[in-house]
Amino acid sequence: LWLARLARPDLQRAVCDRACSITKWSANDDKRTARLMGYLQMSKNYKLVGRVCDDACDLYLGLYVDADFCGDTGSTRSTNGGWLCLLGPKGTMMPLAWVCKKQTATSRSTTESETVAMAYSLFHEAIPALELWRKILGREVPLVIFEDNQATIKIVTKGYSSKLRHISRHHKVD
């Protein structure tokens, strides 16, 4: 778990799922753990790499967000995914933070789970990082959010969706 949090974001969800099963272990959990160990053996040379190729005046923050709709078969809850990095036009790509967190309620649609994932990553990672990088660079740092769901992009751009008005009750996202 410590290694996944420190330097292997690709392991975080699988390791956390194994840790959540520790009190109700089954034969399937043995199989899942063996598969995870096989992946660890195969990927032991994987490294988290970043590079900075741009001047400080050209840097900006990029937030990549995604969600898996009803990805947890036990509870039907979705999982938030977020990747915050420092970007630049000449190839700068420095990972700063990532998040992988199970949502607190079951989403009714992919758009809802994507919106909740975006809100979670934005408020827990991106906004605090904006203030930090403003202090470090001595200027306002732009934030670009990368989202792959067209319906979510339209709703966020518009600022409201009557079909998702229940999100504030279930997920505590306004």
Side-chain angles (χ1 to χ4, degrees), residues 1-20 36 39-72 77-104 107 110-159 164 167 171-174:
L1 184 57
W2 177 78
L3 176 65
R5 285 187 36 183
L6 181 66
R8 291 289 303 268
D10 59 320
L11 299 175
Q12 192 168 0
R13 167 112 192 250
V15 170
C16 287
D17 284 350
R18 300 288 38 88
C20 288
L36 177 59
Y39 176 74
L40 281 170
Q41 179 64 28
M42 184 274 307
S43 65
K44 63 184 173 190
N45 294 324
Y46 285 9
K47 297 177 184 131
L48 187 60
V49 177
R51 63 180 176 268
V52 178
C53 309
D54 296 280
D55 295 329
C57 62
D58 295 329
L59 298 175
Y60 61 96
L61 290 174
L63 179 65
Y64 295 85
V65 293
D66 203 2
D68 69 336
F69 177 57
C70 291
D72 184 4
R77 288 191 271 167
S78 303
T79 302
N80 300 329
W83 177 264
L84 182 67
C85 53
L86 197 59
L87 299 172
K90 295 179 187 169
T92 295
M93 207 307 221
M94 180 59 71
L96 301 175
W98 55 86
V99 63
C100 180
K101 175 102 170 87
K102 198 180 298 183
Q103 293 181 1
T104 56
S107 296
T110 302
T111 304
E112 181 180 340
S113 64
E114 293 276 347
T115 304
V116 172
M118 182 185 295
Y120 187 87
S121 296
L122 181 66
F123 290 112
H124 287 85
E125 298 297 337
I127 291 176
L130 279 173
E131 183 61 25
L132 173 67
W133 284 96
R134 185 181 67 76
K135 292 269 189 201
I136 291 171
L137 298 177
R139 65 175 176 88
E140 293 298 321
V141 179
L143 171 66
V144 179
I145 300 174
F146 297 92
E147 171 61 58
D148 62 350
N149 185 288
Q150 294 300 315
T152 303
I153 294 169
K154 287 179 185 176
I155 289 168
V156 170
T157 303
K158 185 178 169 185
L164 295 181
I167 289 180
H171 292 284
K172 308 292 187 257
V173 172
D174 190 2

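It should be emphasised that the depicted structure is a prediction, and the values quoted were computed from it without experimental measurement.
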*If you round to the nearest 0.5 Å, how far is SG of C85 from CZ of F146?*
7.5 Å

*Tell me, please, which residues at least two apart from R51 pass salt bridge (charged side-chain N to carboxylate O under 4.0 Å, His left out).*
none

*Does the side chain of L143 come within less than 4.5 Å of L122's, by heavy atoms?*
yes

Kindly list each side-chain donor-acceptor pair under 3.5 angstrom involving residues 54-65, sequence neighbours excluded, with atom names and distances?
{"from": "D54", "atom 1": "OD1", "to": "K90", "atom 2": "N", "distance (Å)": "2.8"}
{"from": "D54", "atom 1": "OD2", "to": "K90", "atom 2": "N", "distance (Å)": "3.4"}
{"from": "D54", "atom 1": "OD2", "to": "T92", "atom 2": "N", "distance (Å)": "3.2"}
{"from": "D54", "atom 1": "OD2", "to": "T92", "atom 2": "OG1", "distance (Å)": "2.4"}

_Main-chain N/O of D68 paired to S78 side chain as donor or acceptor, under 3.5 Å_ = yes

*N80: partners by side-chain hydrogen bond (donor to acceptor under 3.5 Å, both in side chains), with sequence neighbours left out*: Q103

*Looking at CD of Q41 and CG of L36, how far apart are the two atoms once the value is rounded to the nearest 0.5 Å?*
12.0 Å

*With sequence neighbours left out, write down each residue that passes side chain to side chain contact (heavy atoms under 4.5 Å, CB included) with A97, or none if nothing qualifies.*
L84, E125

*For S121 against G81, the heavy-atom pair lying closest together*: OG-O, 3.9 Å

*Among all residues two or more places apart in sequence or in another chain, which pass the ring-ring contact (aromatic ring centres under 6.0 Å, His included) test with W98?*
W83

_Atom pair OH (Y46) and CG (L40), whose distance is rounded to the nearest 0.5 Å_ = 11.0 Å

*NZ-OG1 distance between K154 and T111, expressed to the nearest 0.5 angstrom*: 10.5 Å

*Sequence neighbours left out, what passes salt bridge (charged side-chain N to carboxylate O under 4.0 Å, His left out) with D10? Give chain and number order.*
R8

*Residues two or more places apart in sequence or in another chain: which of them pass side-chain hydrogen bond (donor to acceptor under 3.5 Å, both in side chains) with E131?*
R134

*With a 4.5 Å heavy-atom cut-off, do D66 and D148 have their side chains touching?*
yes

*side chain to side chain contact (heavy atoms under 4.5 Å, CB included) with N45: which residues, sequence neighbours excluded?*
none

